[in-house]
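Convention: sequence-line order gives letters A, B, ...; per-chain numbering from 1.
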Amino acid sequence: MCGRFSLKNSRDEVEAALGALIPDDFPPRYNIAPTQPILIVMPSETVRPVGSNRPDRAGHLVRWGFVPSWVKDPNARAPIFNIRSETAAEKNSFKAALSHRRVLVPASGFYEWRRNGSNRAQPYWIRPRHGGVIAFGALMETWSGADGSQIDTAGILTTGANEALSLIHHRMPVVVVPEDYARWMDCKHYLPREVADIMQPAPDDLFEAIPVSDLVNKVSNTSPDVQLPVSADLTATATRPKKAGKKTGADDDSGNGQLSMF
DNA sequence: CCAGACGTTGTT
DNA sequence: GTCTGG
DNA sequence: CCAGACGTTGTT
DNA sequence: GTCTGG
């Protein structure tokens, strides 16, 4: 799913990674939650002078929680912070944005909560093994109020978890690789079906998952401490809930609890 | 034709 | 706004 | 995503 | 349980 993430790289790193001009005020953020402002990157709206060296992409802050343009009262609805990539093309709410407003959301990594039976959810900090900035595929929309006010919003696309992350959760954000940035955001030349291949689970070896304390659960905890590893890990918690109602034996994760990819 | 929905997650 | 259901 | 609230009256 | 807030 991706209902919480972090962007702690410097402004310069993000500009270099995305090839975009990023706004000045740019503190590291360790615990970004739905409804908060998030950075999106999209093609610049202004025409560049010929021969300009300036990036032709720009970052903007928008509200995390996609609001379809036809909604009357954006605050009366639960924010749509994730959008299923498998069905986005068929949904009224997302069709236009998938055709015309495909954007990227720069991130340093994201969080997933692993639930195990009745046990408490264990949060994991999931980051690229070799660091750097990643980019989630996202859709942007501008909501217009009756009074002429406007709110820019975005939702992060999701797909099935890759094999490595499926031990933690069954969904994951769409991660766009740098070679696909231009095609993803070029809505003038590429139709949704021509970018469908981008909305796939990331390779198994891209991420590492680090169990962290539940400090991250609380949105008001915004210090780097939310990413401190804890000893509790998949091995310790990957046991079947004791009083399982049925005994399938096939599709659970009990095994030996071992996680080769971590 | 008009009315009504329009989303994701996880859990049962 | 646009689609589905009746 | 998780955390936290979830209510009214009257009085100051 | 269900909704709102971040």
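The nearest whole Å value for the distance from the CD atom in A:Glu141 to the C1' atom in B:dG7 is 14 Å. Counting to the nearest Å, the P atom of C:dG1 and the CZ atom of A:Phe94 are 18 Å from each other. Following rounding to the nearest Å, A:Arg77 (CZ) and E:dG6 (C1') show an atom-to-atom distance of 20 Å. Look at CH2 on A:Trp143: it is 20 Å from P on B:dC6, rounded to the nearest Å. Per the geometry, OH belonging to A:Tyr30 stands 23 Å off P belonging to D:dC2, to the nearest Å. At whole-Å resolution of the value, CZ in A:Phe66 and C1' in D:dC1 are 19 Å apart. Per the geometry, CG belonging to A:Asn75 stands 14 Å off C1' belonging to E:dC3, to the nearest Å. Straight-line distance from the NZ atom of A:Lys95 to the P atom of C:dT2: 9 Å, rounded to whole Å.
Side-chain atoms of A:Ser10 and A:Glu13 include a donor-acceptor pair closer than 3.5 Å.
Neither A:Val219 nor A:Val212 shares a network with the other; the hydrophobic side chains, linked directly or stepwise wherever heavy atoms of I, L, V, M, F, W or Y lie under 4.5 Å apart, form separate groups for each.
Using C1' as the reference atom, E:dT2 and B:dT9 are 15 Å apart when rounded to the nearest Å. Across the P atoms, B:dT8 and D:dC1 are found 12 Å apart, a figure rounded to whole Å. Going from the C1' atom of B:dG7 to that of E:dC3 covers 16 Å, rounded to whole Å. Between B:dA3 and D:dT11, the distance separating the two P atoms is 48 Å to the nearest Å.
In this model, the phosphate group of D:dC1 is not approached by any side-chain N or O of A:Arg171 to a distance below 4.0 Å at OP1 or OP2. Side-chain nitrogen and oxygen atoms of A:Thr158 include at least one within less than 4.0 Å of the OP1 or OP2 phosphate oxygen of B:dT9. Between A:Thr35 and E:dG5 there is no side-chain N or O to OP1 or OP2 distance below 4.0 Å. Look at A:Lys91 and you won't find any side-chain N or O under 4.0 angstrom from OP1 or OP2 of C:dT2.
Here the nucleotide nearest the side chain of A:Asn92, chosen from D:dC1, D:dG4, C:dG1, is C:dG1.
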**Message:** Using side chain to side chain donor-acceptor pair (under 3.5 Å), reason through A:Thr142 and A:Asp152 one step at a time and then give a plain yes or no.
**Reply:** CA-CA 4 Å; A:Thr142 300; A:Asp152 290 331; 2.7 Å; yes
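Aromatic ring centroids of A:Phe207 and A:Tyr124 lie 6.0 Å or more apart. Between A:Trp64 and A:Phe5, the distance separating the two ring centers is shorter than 6.0 angstrom.
Across all strands shown, B:dG4 forms a Watson-Crick or G-U wobble pair with C:dC3, both key distances being under 3.5 Å.
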